[in-house]
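Each chain gets a letter, A, B and so on, in the order the sequences are listed, and its residues count up from 1. Computed over heavy atoms, backbone and side chain alike; hydrogens, waters and symmetry mates excluded.
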Protein chains: 2
Amino acid sequence: MTVGEGRRVTITAIAAEAGVSVPTVSRVLNGRSDVSPQTRERVEELLRQHGYRRRAARSRVSASLIDLVFNDLDSPWAVEIIRGVEDVAHAAGVGTVVSAIHQRSTSARQWLQNLRARATDGVIFVVSDLSPPLLAELRRLNIPMVVVDPAGVPAVDTPTIGATNWAGGLSATEHLLSLGHRRIGFIAGPKRLLCSRARLDGYRAGLEAAGIEVEEELLFQGDFYHESGFAGGAAMLELDDPPTAIFASSDQMAFGVYEAVRRRGLRVPDDISVVGFDDLPEARWASPPLTTVRQPLAEMGLLAARTVLRLAQGEEIETPRIELATDLVIRDSTAAV
Amino acid sequence: MTVGEGRRVTITAIAAEAGVSVPTVSRVLNGRSDVSPQTRERVEELLRQHGYRRRAARSRVSASLIDLVFNDLDSPWAVEIIRGVEDVAHAAGVGTVVSAIHQRSTSARQWLQNLRARATDGVIFVVSDLSPPLLAELRRLNIPMVVVDPAGVPAVDTPTIGATNWAGGLSATEHLLSLGHRRIGFIAGPKRLLCSRARLDGYRAGLEAAGIEVEEELLFQGDFYHESGFAGGAAMLELDDPPTAIFASSDQMAFGVYEAVRRRGLRVPDDISVVGFDDLPEARWASPPLTTVRQPLAEMGLLAARTVLRLAQGEEIETPRIELATDLVIRDSTAAV
DNA sequence: CTGAAAGCGCTTACAG
DNA sequence: CTGAAAGCGCTTACAG
């Protein structure tokens with residue numbers, strides 16, 4: 001399969017419709033400065049409407065590529081998403097271009113320039129903050145995109161794929177409650193991320209349903225990384241009335257809690273229960289194996305790839321926002337009080 | 001920078017040199033069947049010699065891409081290598097196409113077909129077994145390649161980038177010896193991999209230098225994955241005279257040993273010392289933090305990318321085999337007997 | 001700022 | 001199996 005086979009518009013067609021010459025359209029396409037603003041706007045509008053994409057003359061072998069963009073390639077779950085995307089793309093004869101834009105605008109600009117040159121079929125973003133000018137540019141180029149695990153409220157008309165973070169937060173909390181825990185600490189992710197807030201709210205909902213008040217001293221503000229889990233765990237263990245369980249809203253923070261517990265000479269789950277969120281591959285092989293909320297990362301990547309390929313084919317997507325189910329995986333880090 | 005800027009050969013030039021028409025060269029290029037074997041061979045030879053690569057008419061924006069190929073995307077160190085490669089490629093305006101070929105020849109064929117369509121600038125392999133026909137085809141297409149952490153003895157004239165596995169095995173062993181350990185277990189990686197054998201030999205060399213005999217019952221055959229580390233650790237702990245330290249030749253196996261130790265109700269490093277190999281990001285945040293031999297994976301990726309880009313520019317590579325230094329990182333999983 | 005003209009590198013019928 | 005011809009989609013001077 002090659003993406004976007006059918007009758008694609010040529011610049012000749014666009015030029016005719018816009019009432020300008022072919023070279024003029026070419027200039028707009030290449031971002032040359034010597035085009036009047038009105039002309040540029042009219043042509044761009046048409047390019048967008050028709051979903052124009054550059055194609056080599058007579059060539060049926062248009063290199064099909066999709067771009068998969070991360071903030072940084074330092075998270076262990078990146079590879080899970082890559083795996084899902086690559087799987088679908090590979091089968092469709094499409095290459096997966098992986099990039100990290102590091103939140104730096106120079107890097108993003110560079111990336112965008114490369115993107116144009118390689119005439120990508122679509123973009124999957126796994127980044128927390130998309131700069132509006134970047135998005136505008138992509139829309140101008142009429143490049144299909146989908147956003148995985150959106151951080152904030154995403155722009156309209158961009159399909160997003162996430163997980164049921166709220167439900168995951170709730171189920172982890174209910175699990176701990178069912179084991180008899182009443183003092184349950186929570187280590188949150190960055191506030192600006194939607195998924196962080198949803199997990200926290202799931203935790204709150206669980207406690208409230210059990211008639212337990214949420215205590216400030218049992219809430220710790222983390223950032224999803226190990227260090228903050230360690231700090232949060234250490235802080236809570238030092239309380240006069242420490243929690244009997246800690247729910248860290250990422251696996252990495254849960255491992256940080258493990259280390260805080262160990263440093264105190266205590267044991268998981270004998271002295272304190274720990275729950276994570278993500279189910280990274282290493283969760284299964286932590287000591288003890290970590291009870292955690294599984295996020296189907298590979299499946300999210302899979303779905304994102306399918307969606308972007310469909311968009312590239314010009315199909316309409318009926319459900320612009322999808323949340324895949326999370327799943328509580330009970331292992332050995334949780335026990336009855 | 002765009003790779004291979006300079007004067008690239010066109011099919012017109014090739015046709016002239018071969019004494020055939022342009023359409024004939026085009027046919028060879030596209031793998032059409034209606035070309036006589038002699039003609040095909042002559043043309044292919046010239047294409048190879050000149051390092052021909054398809055280019056869009058008049059277009060200076062040739063999409064620069066390098067391919068990064070793994071067996072599977074299930075190893076936590078894959079992302080480390082991706083990071084290194086992406087870093088260099090991104091800066092050079094080159095896209096990084098990540099693929100997994102899953103050792104299945106159908107998948108490899110599919111990949112090769114996609115590769116041709118996208119006119120890659122070069123390929124970095126991180127795979128243990130390259131099928132000879134695949135290699136032959138790549139060579140025929142004149143695509144530069146480099147192999148990272150070669151599994152077996154690599155084909156001549158393909159640059160390889162590895163790590164000093166033997167030295168790493170030695171230094172880990174010496175570290176344990178210096179702590180007073182005399183009974184040191186070893187969990188090996190797959191025998192067919194060069195790196196496995198080098199690590200094992202480093203371990204042997206260390207023991208021999210200290211006048212200690214290598215005991216069969218302290219050697220366990222693993223496969224680099226968690227399960228085998230767990231099995232190896234469990235088996236050794238059941239010995240009448242168990243080791244006081246275990247050197248697992250991958251971090252994942254070391255984590256398996258952690259779990260075997262925990263299941264026995266013992267503690268690392270109080271009851272037994274454990275050393276790993278790789279220094280994955282999670283090694284630092286294991287409980288306890290893992291003493292391990294660091295392999296500079298990101299740097300290996302970096303170097304591989306630089307090398308393949310240089311080859312793509314037509315440069316000669318003076319040192320076809322490079323081994324980057326490993327480094328013993330001492331953390332909390334090792335202690336004096 | 002724009003277009004007519006020339007041209008690029010490649011591919012596709014068509015004819016033999 | 002091969003080539004002369006036509007043509008594709010696009011870009012680049014050049015002229016105004």
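Remark: B:Thr24 is not in phosphate contact with D:dT2, judged by side-chain N or O atoms under 4.0 Å from OP1 or OP2. A sub-4.0 Å separation between OP1 or OP2 of C:dC8 and a side-chain N or O of B:Thr10 is absent. The side chain of B:Thr39 contributes an N or O atom lying less than 4.0 Å from OP1 or OP2 of D:dT2.
Contacts of B:Val20 with the nucleic acid, taken as non-hydrogen atoms under 4.0 Å apart, involve only primed sugar atoms and P, OP1 or OP2.
Each of C:dT11, C:dT2, D:dG3 was ranked by its minimum atom distance to the side chain of B:Ser21; first place goes to D:dG3. When distances are taken from the side chain of B:Val22 to each of D:dC1, C:dT11, C:dT2, the shortest belongs to C:dT11. With C:dA4, D:dA4, C:dT2 as the candidates, the nucleotide lying closest to the side chain of B:Pro23 is D:dA4.
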Base-pair map of DNA chain C as dot-bracket, where | denotes pairing with a different strand and pairs are Watson-Crick or G-U under 3.5 Å:
|||.||||||||.|||
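Residue-to-nucleotide proximity on DNA chain C shows that, of A:Ser36 and B:Ile11, the 5′-proximal contact is made by A:Ser36.
Regarding A:Asp34, its CG atom lies at a distance of 12 Å from the C1' atom of C:dG3, rounded to whole Å. Here C:dC10 presents its P atom at 15 Å from CZ of B:Arg27, a figure rounded to the nearest Å. Rounded to an integer number of Å, the gap from CD1 of A:Ile14 to P of D:dT11 is 13 Å.
Using modelled atom types, one finds a donor on one side chain and an acceptor on the other under 3.5 Å when comparing A:Asp72 with A:His102.
Distance check: B:Thr160 OG1 to B:Glu323 CD gives 8.0 Å after rounding to the nearest 0.5 Å. Rounded to the nearest 0.5 angstrom, B:Ile322 CD1 and B:Leu324 CG are separated by 7.0 Å.
Scanning both residues, B:Leu311 and B:Val146, for their nearest heavy atoms gives CD1-CG1, 4.2 Å. Summarising the geometry of A:Thr158 relative to A:Met145, their closest heavy-atom pair is CG2-O, 4.0 Å, with the distance given to 0.1 Å.
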N/O donor-acceptor pairs under 3.5 Å from side chains in residues 73-84 of chain A, not counting sequence neighbours:
| residue | atom | partner | partner atom | Å |
| --- | --- | --- | --- | --- |
| A:Glu80 | OE1 | A:Arg83 | NH2 | 2.7 |
| A:Glu80 | OE2 | A:Arg83 | NH2 | 3.2 |

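Applying the side-chain hydrogen bond (donor to acceptor under 3.5 Å, both in side chains) test to A:Glu41 and every residue at least two apart in sequence or in another chain returns nothing.
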